[in-house]
Amino acid sequence: MEHHPSKSQNRLQDPSKVDGITQNPLSAWFLGPKAEHADVWAQMLMNIFNDYIHWRRNYFPEDPIIINRTKRRQHEHWFDQLDTELETVLNQLKAHFPFYSPRYIAHMLSEQTLPSVVGYFAGMLYNPNNVTDESASVTVPLELEVGKMVAAMLGYNPETAWAHICSGGTVANIEALWVARTVQFLPFVVQEYCKKHQLEFQIRTPNKARGQTVSILEVPSQTLIALKSNQSVRILRKLAHYLIYEKRQVPEVVLQEINEHVANSLFNVSKRGLFSILNRLSLHPRIYVSESAHYSIKKAANILGYGEDAVVPVPVDTRFRMDVRALRELLLHQKSNEYTACVIAVAGTTEEGAVDPVHRIKFLRDELNREHNRSFWLHVDGAWGGYFRSLFCHPDLAKKETGGMGDVLQSYADKLDVRESFTITHQGKTLSPPIDISWRDPETYGAFLAFPDADSITIDPHKMGYIPYPAGIIAFKQGIVTEHIIQKAQYISEEEGGLHHLDHTPIIHAVGPYILEGSKPGAAAAACYLAHKTIPLETHGHGKIIRTSVLNTRRFAQYLNHHKKLFRYLDEQVFGKQNTSKFPFTFVPVYDPPDTNIVCFVAVPMAWHDDTLVRVDSSLAELNRLNQMIYDRFTIRNKQDTRRSLYSQDFFVSRTRFMVSQYSTKSVSELLKMLKVSKADYKKEGLFVLRSTVMNPWHHQAQLAKKDYLFDFVLSLHEETREIRDLMQSKIM
Ligand SMILES: *Cc1c(COP(=O)(O)O)cnc(C)c1O
């Protein structure tokens, strides 16, 4: 494939370039498909281990040697046994899916970066427990630093946000909803206090401008539960402030009284439980998230006591993004006894990589504030797509853009210049006119640029961060949420819950009291820290991985789109000149172009019409069978599948099934029309879809070395699909 790098005057400079040499080269960051950097890795890993040995030996050098040589010789049998067992496991691991390979174009799995692996290895040897700095004096500060780096990438103020590492996106999502739930009932705690003491404490409801307030005693439950999150989060502090500075009460007494009140409040959700409070208020929670939501959202609703029925699936548009007009209708037509517990935007859906328009949800929230005196907690589930923000981080982009939203997006698009022009070539033959791809979609840009408007964001280092498991991150815009969450455990920290000082927020030493999990690996913190330190979370750092992934994905989608026109050539390549298929077919992406780096596509039967391919009708059952059979040829089902071993499996793909229980017929109606599938059939059996995550960092580099895995994948898809089509047809006849 030829490359024509575009020359844009505007394009952002790589600040890491010194004398024309890129100091930050993507191909240094990973081991390489053939372990090209093996020597560097081996040396670093050995160095870490040697260093660790010295650390042990230098600690009280005069302490005795306990296991002497003679003794050690007696252990030989046990070591032999371990060796055998280890070898067995190593042998078994060779049947593992080759995630690192450019031939693996399937699930959200890929390479790991060198800094994250050596960071993890070093951390693992010392084995710190990041529950508290007493058991992880080095890696807890690293975790807090990682939190700041990621908060900055997401567009939050790293000094006032709160972000920490957890086991993954699932726990991050649960924690976001848990914190949102805690914050949401605080205004009731305060109202209860004010009723008891007959205080005309003034608060700001969502439709009030700065400086306009009403007495909390007059605010109905429906409004109190829908305050802006920054008002709810601060409401206890504001009450304390009011009592001290306006009512002239003694600060220590005020803080103590408030803390006591909170502890005993009927509206303290941590103590009373959700059921008791909702009963008291006669309110029913609603959580809005698109039909493409990850199933962890239902888990969260389940665990937090909302119940999975509280999750309202919002229809998606033809590009699998949340339909914000539908969300608006749902929110405006809420029953009088319902309230919004959370609205969740997915930035990079697990199945399709689609990005919900976070900015439009933010505009909708503004409208609701203004016109209906209601706000909501906005959570972004960026477990998959969160790292795409790194592409938008560059010193020259931070400068205030002038003009409207459209101008800003245009300016970003020009400066980022994520585009490429190529012609499809194979074995020296040019197969297409020049094709331009460019990722400058204002809706996707708008969504990522609106991240700072969200109250919380989930992001997974162990997905698009290319960092080993387990590593997820949850980030909260307002770091002071921590003071409402804290659990006391004297043996790990002396940190206490509640308000202590009005003028500063809690300084976190132990992480454990503020989060869902307990013990957790300091190794993950070391991995994230080293990775983010050496592959900065900005346009010319991690953004390079994002950029290449996006372009490769669009290129792959173009190959699929061009497949029809290349059919004869591909047939010839595999099956010889005289042998054009009587049962042609092609591949159709479920939406195009992809928002991020996942392509879902369906193989569909075609027919010759003169010299071009046209769609023919086929039953959904037939379509699903075809695609299922293709999938079977591009995966290894289980170890017993001796027919094919890893080494004869040349490409991998994943799959999913769109079901009516998830995607309503309305949401997929365009897709069904395109595939000529009836709604009734879809309802009955759902649509089997092939799915490729194009996140391998090597595709582009390989193209430069004249090896185009993505094109070869299409060739391989073609070959297998033709065989299957021929097989299916011969059975029918
Ligand atoms: C993967 C994913 C999750 C869950 O993350 P885990 O790390 O697997 O727990 C949540 N949301 C989205 C959108 C995801 O892609």
Side-chain angles (χ1 to χ4, degrees), residues 99 106-110 112 116 120 146 150 154 163-178 180 287-304 308 311 313-314 316 319-322 342-358 361 378-389 444 447-448 451 454 456-475 515-517 520-521 524 527-528 546 549 553 594-600 654-656 662-663 689 691-695:
F99 299 154
H107 284 289
M108 304 165 141
L109 297 157
S110 188
Q112 305 159 66
S116 67
Y120 200 97
V146 168
V150 168
L154 296 173
H164 69 85
I165 300 174
C166 56
S167 73
T170 300
V171 166
N173 282 339
I174 296 173
E175 187 168 317
L177 291 180
W178 176 53
I287 296 166
Y288 299 89
V289 65
S290 95
E291 289 169 339
S292 315
H294 187 266
Y295 62 94
S296 55
I297 302 301
K298 282 206 169 150
K299 282 187 189 171
N302 176 333
I303 291 167
L304 293 170
E308 293 179 15
V311 179
V314 183
V316 292
R319 300 180 49 83
F320 294 88
R321 297 166 174 165
M322 181 193 276
C342 191
V343 173
I344 302 166
V346 189
T349 61
T350 317
E351 284 181 306
E352 309 88 0
V355 180
D356 285 347
V358 182
I361 300 174
L378 174 56
H379 174 64
V380 170
D381 181 358
W384 179 245
Y387 273 91
F388 277 70
R389 269 281 313 188
T444 316
F448 284 113
F451 270 28
S456 52
I457 304 173
T458 288
I459 171 167
D460 259 355
H462 65 210
K463 284 183 175 169
M464 278 303 287
Y466 298 79
I467 285 167
Y469 299 103
I473 288 180
I474 177 65
I515 68 174
L516 272 183
E517 289 163 288
K520 63 208 198 85
C528 291
I546 303 298
S549 177
T553 308
D595 275 357
T596 56
N597 55 359
I598 300 175
V599 181
C600 286
S654 69
R655 55 89 175 80
T656 187
Q662 187 182 359
Y663 300 102
V689 171
R691 172 173 168 271
S692 279
T693 310
V694 191
M695 68 183 294

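We count residues from 1, following the sequence as given. Atoms within a ligand are numbered from 1 in the order they appear, just like the ligands themselves.
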Walk me through it: do Trp384 and Val346 pass the test side chain to side chain contact (heavy atoms under 4.5 Å, CB included)? CA-CA 9 Å; Trp384 179 245; Val346 189; over 6 Å; no
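Not a single heavy atom of Gly472 sits closer than 4.0 Å to an atom of ligand 1. For Gly348, the heavy-atom gap to ligand 1 drops under 4.0 angstrom.
With respect to atom 14 (C) of ligand 1, the closest heavy atom belonging to the protein is Lys463 NZ, 2.9 Å. With respect to atom 4 (C) of ligand 1, the closest heavy atom belonging to the protein is His294 CE1, 3.3 Å.
Put simply, the side chain of Gln662 does not reach to within 4.5 Å of the side chain of Pro313, judged on heavy atoms. Proximity of His462 to Pro468: side-chain heavy atoms (C-beta onward) are nowhere separated by under 4.5 Å. Residues Ile457 and Arg389 are not in side-chain contact: their nearest non-hydrogen atoms beyond the backbone lie 4.5 Å or more apart.
Judged purely by distance below 3.5 Å, without hydrogens or angles, the side chains of Arg691 and Thr656 never pair a donor atom with an acceptor atom.
Within the 3.5 Å criterion, the main-chain N or O of Lys299 finds no donor-acceptor partner in the side chain of Ser296.
The part of Asn173 lying near ligand 1 is the side chain, judged by heavy-atom distances below 4.0 Å.
Remark: ligand 1 atoms within the under-4.0 Å shell around heavy atoms of Thr350 are 12 (C), 13 (C), 14 (C), 15 (O). Heavy-atom contacts of Asp381 reach the following atoms of ligand 1: 10 (C), 11 (N), 12 (C), 13 (C) (cutoff under 4.0 Å). Within the listing of ligand 1, atoms 2 (C), 3 (C), 10 (C), 11 (N), 12 (C), 14 (C) sit less than 4.0 angstrom from a heavy atom of Ala383. Atoms of ligand 1 found under 4.0 Å from any heavy atom of Asp460, numbered from 1 in the order shown, are 5 (O), 6 (P), 7 (O). With ligand atoms numbered from 1 in the order given, ligand 1 contributes 10 (C) to contacts under 4.0 Å with heavy atoms of Ser296. Heavy-atom contacts of His462 reach the following atoms of ligand 1: 7 (O) (cutoff under 4.0 Å). Of all the atoms in ligand 1, the ones that sit under 4.0 Å from a non-hydrogen atom of Gly168 are 7 (O), 9 (O).
When all heavy atoms of Ser292 and Val316 are compared, the closest pair comes out as OG-CG1, 3.6 Å.
The closest heavy-atom contact to atom 8 (O) of ligand 1, among the options Ile344, Thr170, Ile297, comes from Thr170.
Among Val150, Ile474, Val146, the single residue meeting the side chain to side chain contact (heavy atoms under 4.5 Å, CB included) criterion with Ile165 is Val146.
Side-chain rings of Tyr466 and Tyr387 stay apart, their centers remaining 6.0 Å or farther from each other.
In terms of N/O distances under 3.5 Å, ligand 1 is approached by Gly169.
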